Number of protein chains: 2
Amino acid sequence: MSKPVTISDVAARAGVSPTTVSHALSGRRSVSPSALARVKQAADDLGYRPNQVASSLRTQRTHTVALIVPDIANPYYPAVARGLHDAIAADGYYTTIGSTDGERETELGFLDEMVRRSVDGIIVFAFAMGEEDLTRVVPARIPLVVATHNLTNAHDQVNSDDPAGTETATRHLLAQGITEIAFVSGPKGRGPGDRRLTGYTQAMHSAGIVPTASDIIRSDYTVAGGRQAVGELLSRPRPPRALVCANDLIAIGALEAARDAGVAVPADLAVIGFDDVDAASLVAPPLTTVVNPAYEMGRQCGRLLLDRLIEGYDGPPRSVVVPTHLIIRATA
Amino acid sequence: MSKPVTISDVAARAGVSPTTVSHALSGRRSVSPSALARVKQAADDLGYRPNQVASSLRTQRTHTVALIVPDIANPYYPAVARGLHDAIAADGYYTTIGSTDGERETELGFLDEMVRRSVDGIIVFAFAMGEEDLTRVVPARIPLVVATHNLTNAHDQVNSDDPAGTETATRHLLAQGITEIAFVSGPKGRGPGDRRLTGYTQAMHSAGIVPTASDIIRSDYTVAGGRQAVGELLSRPRPPRALVCANDLIAIGALEAARDAGVAVPADLAVIGFDDVDAASLVAPPLTTVVNPAYEMGRQCGRLLLDRLIEGYDGPPRSVVVPTHLIIRATA
DNA sequence: TGACCGACGCAAATCGATTTGCAAGCCGGG
DNA sequence: CCCGGCTTGCAAATCGATTTGCGTCGGTCA
């Protein structure tokens, strides 16, 4: 039941004051070589490990950033987390991840808790919150990066170039002479679906086609959701010849729905996804999709935060756009 | 630049002392109805949010548990994280995840940092650490759950029933009259490969077959690693007729290797994985695999911790075994 | 030699909440 | 009327590190 070693214990053993121990270990003020050696020795002997909670209280820095995502089980987000980690770990920052199921209440609750915990920065991949929620819950003193969201100009933001991605995807289909193209989005106003929709719409317009309401269907961002939505779509009298999907999980669900319905992919139904999660290249047939560099997204979020936390940048909000590109496999 | 509201600010506005505010909000001592009302009103008006860092310093509780995994991008672990989250969130605990690439140094570094941060509990899915590492770095006062590891009797542990899983898988192959079965493991002494190997060996023995060294090949736990290892295996003069793989990613790599080599699955090569990650049912052909309930593993880890953190259990280490079962799809 | 400066050490204040110990006020029972 | 007990409030100690302010000591330069 040995209690933890404190800075006073080290000081006592080295025969100096806690002040000197602190300075010796942090190097913030010079310490005589002999004292330095004694302190290091004592700290070593006792196995001293500074209490970060106490340190954080005093310095008002926790060396922690919060990452809020809708669903950590969606393979896109672990890759984001990885990119973020790799961007900030070298500077001693750690990440706390919150998975919120895209529920506004949960998002707000987690955000609030992170503020109470004095995290140094926050990265939000949020679905259900609005700008006013963010500014209400997050004090201005905490740097905030908003990702994959079309809601704010008041904060740093990182976005994949969604419109360009779906536009390229849609053009790829049009170039094959396919014109009956539907877009499978997520719930209205939630997630990147709406921004991806614009690229599709644009490409269609510039081909002289005006998509009707029935060309745009809504799902959630899961395999099961995609399967069901596309299943219904395929049972229509005149189903489309191709689908542009708001993410890969929906697209994978679409492949399942096509198989269920005995529809050949890509011969009778071309399918394009978005994200390029690992599974996209593994499904059968391998999915044609828009690469959305999750790792890079996470990394850029980390960089924007570090700019404010370490470099001391204090200017106006900045916006980073991460390019996307189409990777053609076997479904379109 | 409004600075955060402190308990003293609330006290001042309510016309009471900080003590009373604390008691009013925590309910740890009764407070007169009038004072209670004034405190609540003041806290509300000011938007008071108690500083958790200060609270943690005083109470020695952070309401945080650390989860250490080798690779958060391996889809098995997000599911674990999810199960853990669901087990402990209701009691106000949050999770900090560390991804260590299975490097001993990284594992130890993260563990050390978590101790400095005074987490209330630690869950280790570790690859490279030994028992003595754990006891050295983690003080006895912090509850520790070791998962998927064969190294300790000194701590609570949670394991999937790995031997039973691979034994069932191997018997499934033997029952089809297949006897040339290889086992594709991970690096020696790292991860669950060795425990899964024993089930395979047992089943083979009880069928009167003694696997030779060349029947057991080593890889890492990734798709790329599995592809390469199995690719080499298939170029042998007499390749095996079936594979039992230490995890799904290896098995998926094996499917790719088979495709590369023009070997038909399952006709010429049967493949069985382990874990049943989401992608397992999505690959072509869908993977026959042993279900390793990640979510349940995480949940059980959380329960063991809470038992000590909340229920006050203080007895000897306990061991939970989560059952596994074979799910037959199309590769064996 | 005296003035000045840098190096170095320590006491004490600080971060913000929780909790202990003490005391005042109030009640009912003997 | 007094005492014990309950409620309620506050001052102060506490958690463990960091940092400010002050003072001492030695050395340098004029």
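These numbers were taken from a predicted model, which means no experiment stands behind them.
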Of the listed D:dG9, D:dG16, D:dT18, the closest approach to the A:Thr6 side chain comes from D:dG16
Taken to the nearest whole Å, CD/A:Gln52 to C1'/D:dT18 is 12 Å
Q.
By the 4.0 Å heavy-atom rule, please label A:Arg29 as base, sugar-phosphate, or nothing.
A. base
Would you say B:Asp120's side chain and B:Thr62's backbone share a donor-acceptor pair under 3.5 angstrom?
yes
Original post:
Which is true for A:Val53 with a 4.0 Å heavy-atom rule: it touches a base, it touches only sugar-phosphate, or it touches nothing?
Top reply: nothing
Nearest-nucleotide check on DNA chain D, A:Ser26 vs B:Pro33; residue mapping nearer the 5' end is B:Pro33
From CZ of B:Arg38 across to C1' of D:dC10 the rounded distance in Å is 14 Å
Ranking C:dT18, D:dC10, D:dG16 by distance to the side chain of B:Ser17, first place goes to D:dC10
| message | Whether B:Gln60 contacts D:dG16 is assessed here as follows: a side-chain N or O lying under 4.0 Å from the phosphate OP1 or OP2. Is that the case? | response | yes
When rounded to whole Å, the CG to P distance for the pair A:Leu36 and C:dA7 reads 15 Å
Picking from D:dT20, C:dA17, C:dT19, the nucleotide nearest the side-chain atoms of A:Thr19 would be D:dT20
From CZ of B:Arg61 across to P of C:dG16 the rounded distance in Å is 24 Å
Within 45° of the ring axis of B:Tyr313 and under 6.0 Å from its six-membered ring centre, is that where the NZ or CZ of B:Arg318 lies? yes
Point to revise | Between B:Asp86 and B:Tyr295, a side-chain donor and acceptor under 3.5 Å | key: yes
Check your understanding: Using a cut-off of 4.0 Å on non-hydrogen atoms, how would the nucleic acid contact of A:Ser22 be classed: base, sugar-phosphate, or nothing?
Key -> base
Residue pair B:Asn51/A:Val16 against DNA chain C: nearer the 5' end by closest nucleotide is A:Val16
query = Using a cut-off of less than 4.0 Å, is there contact between a side-chain N or O of A:Thr20 and OP1 or OP2 of C:dC10?
reply = yes
**Message:** Does the plane of the ring in B:His63 sit parallel, tilted or perpendicular to the ring in B:Tyr93? Use 30° and 60° as the thresholds.
**Reply:** tilted
A:His63 atom NE2 is separated from D:dA17 atom P, nearest whole Å, by 15 Å
To the nearest angstrom, the CZ-C1' distance between A:Arg58 and D:dT18 comes to 5 Å
> Does B:Ser32 have a side-chain nitrogen or oxygen under 4.0 Å from the phosphate oxygens OP1 or OP2 of D:dG9?
Replying inline: yes
### B:Ser55 side chain near C:dA17 phosphate (N/O to OP1/OP2, under 4.0 Å)
no
Distance only, no hydrogens: is a donor on one side chain within 3.5 Å (strictly under) of an acceptor on the other, for A:Thr64 and B:Arg117? yes
The nucleotide from C:dG16, D:dG16, D:dT19 with an atom nearest the side chain of A:Arg28 is D:dT19
Judged by nearest nucleotide, the residue sitting upstream toward the 5' end of DNA chain D, B:Ala35 or A:Arg49, is B:Ala35
Review point. Is the count of non-hydrogen atoms from other residues, nucleotides or ligands lying under 6.0 Å from A:Arg28 atom CZ greater than 12?
Key: no
Below the 4.0 Å mark, does D:dG16 have OP1 or OP2 next to a side-chain nitrogen or oxygen of A:Tyr48?
no
Taking C:dG9, C:dC15, D:dT20 as options, the one with an atom nearest any side-chain atom of A:Leu57 is C:dC15
Notebook entry, point to check: Which part of the nucleic acid, if any, lies within reach of B:Val21 when heavy atoms closer than 4.0 Å are counted: base, sugar-phosphate only, or nothing?
Noted result: nothing
A:Arg116 CZ to C:dC15 P, in whole Å, measures 22 Å
